2 protein chains.
Amino acid sequence: MKIITKKEKFFEETLKLISERGFKATTMRDIAERMNFEVANIYNYIESKDALLENYLFDMLIEFTSYLDNIVTSSYSPVEKLKLVISRHVQYTAIKPYEISLFVNEWRNLNGPKLKEFEEMRMSYMQKVEKLIMEGIENGELRHMNTEFTTFMIFSSMRWLFNMVINEKEKINPIEMEKQLMDFIFKGIERK
Amino acid sequence: MKIITKKEKFFEETLKLISERGFKATTMRDIAERMNFEVANIYNYIESKDALLENYLFDMLIEFTSYLDNIVTSSYSPVEKLKLVISRHVQYTAIKPYEISLFVNEWRNLNGPKLKEFEEMRMSYMQKVEKLIMEGIENGELRHMNTEFTTFMIFSSMRWLFNMVINEKEKINPIEMEKQLMDFIFKGIERK
DNA sequence: GTCTATAATTCGATAGAC
DNA sequence: GTCTATCGAATTATAGAC
């Protein structure tokens, strides 16, 4: 059995609350109530509500970017690389759905320069994936298509997976979820 | 040139503001400032902030449900029906991206019973589409697959389109957007 | 329809004692 | 680390005059 510190519990419960209600709709009083202590105690763990969101989002963005760069600079083929990226997203979603929920829904609540920085990093991430798709088309692994649109569609397909993970009563099998998603993206739904 | 009343302008600008910043993050002061009048004037057009959101979301949900029911009870084949549903979503998104943005991102801000009602209607909508996919598999138009997952994926693919419409500088061609989406969903990205 | 003024509440955050 | 107490700002909404 895993020992969990009060600090870990704080971040876990806060993440769930924000994921369920939204960042703006989650008040410090909500968090304190969930933790069974007073509002002032929250500031033992974080410096501000905004800083909490920033830390979550940029930690994830940096982690994902780092992982993608390792894939890109490897010697796999373009489509193999693309599948590794998708696999990473699915497996991460299966393990940390609330983090993904935050990432998908709450980045808009970043302030000024941080918002801009976030959007630029995310854009850069997507462009790297689009490049993989372009290369896949060039070497004949993928069919001809609008790469910007397709990149957009692949991210759209992955983006909402966290909802399924959070909502499904019976535990989802991440391996099967990945297989279904790969088939959907690469083969489509039409019968050959 | 279209004549636009102040009331129409109010709903248009308010929709854009909420879409950009989020429902909770958009204050009555923001709206009044955009409209170049005082906060009190807002209540000439709506009875409350919550009612504004409710009206938008349920109007759309009812409209979509009604349209889907007409498709379902028609004599088209399951896959033809499915394509009509997808087409409807794409074309609606092309014309009213801010409405879709609201629909996708802000339903969580509904209160108590309204939230439950919304979720049930949306669930019912998705189940009707899943039934089309099941029938498509049965009659051999679609390959065998997990229908719940696939339904989820199709909606995920469509859900984020509004972002492309809003962000793209050069006007998007809705017909081409629909073609790319249909190819993505039905054929996948792999080269045959 | 538009304004001024303000009510009533809720918000994030801090001071300071224990 | 936890509490009480509270601040100052922001929020939705209303009253009532013009």
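Bear in mind that the values here come from a model prediction, so they are computed numbers and not experimental data. Chain A is the first sequence line, chain B the second, and so forth, proteins listed ahead of strands; every chain is numbered from 1.
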Closer than 4.0 angstrom, basic N to acidic O: yes or no for A/Arg108 and B/Glu106? yes

Would you say that A/Met60 contacts A/Leu102 through its side chain, given a criterion of any heavy-atom pair below 4.5 Å between the two side chains? no

Within the 4.0 Å heavy-atom criterion, would you say A/Phe10 contacts the bases, only the backbone, or no part of the nucleic acid? nothing

To the nearest 0.5 Å, atom OG of A/Ser101 lies from atom CH2 of A/Trp160 at 8.5 Å

Roughly how far, to the nearest 0.5 Å, is the OG1 atom of A/Thr151 from the CD1 atom of A/Ile133? 3.5 Å

A/Met134 and side-chain contact (heavy atoms from CB on, under 4.5 Å): which single residue from A/Asn139, A/Thr147, A/Val129 fits? A/Thr147

Atom NZ of B/Lys131 with >12 non-hydrogen neighbours under 6.0 angstrom: no

Along DNA chain C, 5' to 3', what are the outermost nucleotides having an atom less than 4.0 Å from a heavy atom of chain A? C/dC11 to C/dA15

Among residues 107-117 of chain B, which residues get a heavy atom nearer than 4.0 Å to DNA chain D? none

For atom CD of B/Glu33, is the number of surrounding heavy atoms from other residues, nucleotides or ligands below 6.0 Å larger than 12? no

Is any NZ, NE, NH1 or NH2 atom of the basic residue among B/Asp30 and B/Arg34 found under 4.0 Å from an Asp or Glu carboxylate oxygen of the other? no

Return yes if a side-chain donor-acceptor contact under 3.5 Å exists between A/Glu141 and A/Ser77, otherwise no. yes

Sugar-phosphate or base contact per nucleotide [nucleotides 8-14 of chain D; S, B, -; heavy atom under 4.0 Å]: ---BBBB

Decide, yes or no, whether a salt bridge links B/Arg88 with B/Glu178 under the criterion of side-chain N to carboxylate O below 4.0 Å. no

